[in-house]
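All residue numbers refer to positions in the sequence shown, counting from 1. FYI, side chains are in, hydrogens and waters are out, and symmetry mates aren't considered; it's all heavy atoms of this structure.
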Amino acid sequence: MADNARAKRLADLIREVVAQKLQRGIKDPRLGSHVTITDTRVTGDLREATVFYTVYGDDEERKAAAAGLESAKGILRSEVGRAAGVKFTPTLTFVADALPDTARTIEHLLDQARASDAKVRETATGAAYAGEADPYKKPGSDDDTDDTSE
């Protein structure tokens, strides 16, 4: 089994090779400039690599890019094997990265929190305390007398 540093180096190399090949070498129109390789992970035995990608566009463009990557898998794997020089070239699996969807969800939740904070700020403007401004007893005040003499 390979060490983690070697798997990390191979993952970085795969990410670079796949990104460069998608940018310059593959003529598939489904894989235009809107496909970005975000991360690559390699198993400990260096046999399988998972390549995460994002597609900037609508659902139809995402499906087309997934089909394009699937059809170019063999060419990309041979390029990785040529560049890596390892005994066994890892098989490539392409997975759509959930990062953009997660970012949209977080932005939506932050917008809701900002709106809620603004509503609370509006409600609090001009409001007065329910009791005294300083609810704490101070030494020497009239409230310190004990009523135990009854």
Side-chain angles (χ1 to χ4, degrees), residues 1-139 143:
M1 190 172 262
D3 59 62
N4 287 340
R6 186 172 180 201
K8 177 73 174 138
R9 282 194 313 268
L10 183 60
D12 291 341
L13 178 74
I14 290 171
R15 186 180 70 239
E16 290 174 15
V17 168
V18 169
Q20 287 177 357
K21 190 67 176 174
L22 285 176
Q23 194 174 46
R24 297 184 191 140
I26 296 185
K27 305 290 189 233
D28 194 342
R30 299 174 291 187
L31 301 174
S33 61
H34 57 278
V35 176
T36 304
I37 304 300
T38 56
D39 193 19
T40 305
R41 296 189 185 142
V42 178
T43 58
D45 61 357
L46 307 179
R47 296 282 178 152
E48 297 175 13
T50 304
V51 180
F52 295 92
Y53 67 94
T54 58
V55 179
Y56 297 105
D58 57 0
D59 288 335
E60 184 178 315
E61 288 176 345
R62 287 186 189 116
K63 289 178 186 176
L69 286 170
E70 206 54 42
S71 69
K73 187 185 288 189
I75 297 168
L76 294 172
R77 184 172 181 222
S78 65
E79 280 296 316
V80 166
R82 192 173 299 127
V86 291
K87 185 175 183 180
F88 180 82
T89 304
T91 58
L92 301 178
T93 305
F94 292 96
V95 176
D97 201 350
L99 184 70
D101 296 332
T102 305
R104 268 187 239 111
T105 303
I106 290 172
E107 283 297 321
H108 177 68
L109 292 173
L110 287 173
D111 288 341
Q112 286 179 341
R114 283 186 200 105
S116 175
D117 287 348
K119 185 185 282 187
V120 168
R121 205 174 298 116
E122 260 180 43
T123 306
T125 304
Y129 290 105
E132 298 176 14
D134 188 9
Y136 300 106
K137 294 181 181 181
K138 294 187 172 73
D143 295 336

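Applying the side chain to side chain donor-acceptor pair (under 3.5 Å) criterion to Thr91, with sequence neighbours excluded, gives no partner residue. In this structure, Thr125 has no side-chain contact (heavy atoms from CB on, under 4.5 Å) partners at least two apart in sequence or on a different chain. Under the rule for a side chain to side chain donor-acceptor pair (under 3.5 Å), Glu60 has no partner lying at least two apart in sequence or in another chain. Residues meeting the side-chain contact (heavy atoms from CB on, under 4.5 Å) test with Phe88, sequence neighbours left out: Arg47, Arg77. Under the side chain to side chain donor-acceptor pair (under 3.5 Å) criterion, Asp58 pairs with no residue, sequence neighbours left out. The side chain to side chain donor-acceptor pair (under 3.5 Å) test applied to Thr38 returns Asp97, not counting sequence neighbours. Take Arg9 and apply the salt bridge (charged side-chain N to carboxylate O under 4.0 Å, His left out) test, not counting sequence neighbours, and it matches no residue. Remark: Arg82 engages Glu79 in a side-chain contact (heavy atoms from CB on, under 4.5 Å) (not counting sequence neighbours).
Closest approach of Gly81 to Thr89, counting heavy atoms only: CA-OG1, 3.3 Å. Nearest heavy atoms, Leu46 versus Ala7: CD2-CA, 3.7 Å.
Here the CZ atom belonging to Phe94 is positioned 6.0 Å from the CD1 atom belonging to Ile37, to the nearest 0.5 angstrom. To the nearest 0.5 Å, the span separating CZ on Arg62 from OG1 on Thr54 amounts to 9.0 Å. Distance check: Leu110 CG to Thr105 OG1 gives 11.0 Å after rounding to the nearest 0.5 Å.
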Got a list of side-chain donor-acceptor pairs under 3.5 Å for residues 13-26, not counting sequence neighbours?
unit_1	atom_1	unit_2	atom_2	d
Arg15	NH1	Asp12	OD1	3.2

For residues 66-75, tabulate all N or O donor-acceptor pairs below 3.5 Å that involve a side-chain atom, not counting sequence neighbours.
unit_1	atom_1	unit_2	atom_2	d
Glu70	OE2	Lys73	NZ	2.7
Ser71	OG	Arg30	NH2	3.2
Ser71	OG	Gly68	O	2.9
Lys73	NZ	Leu92	O	3.4

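Using a 4.5 Å heavy-atom threshold, the side chains of Ile106 and Thr102 count as touching. Using a 4.5 Å heavy-atom threshold, the side chains of Gln112 and Leu109 count as touching. Between Glu61 and Tyr56, every side-chain heavy-atom pair lies at or beyond the 4.5 Å cut-off.
Sorted by first and then second residue, the salt bridge (charged side-chain N to carboxylate O under 4.0 Å, His left out) pairs involving residues 112-124 (not counting sequence neighbours) are Asp111-Arg114.
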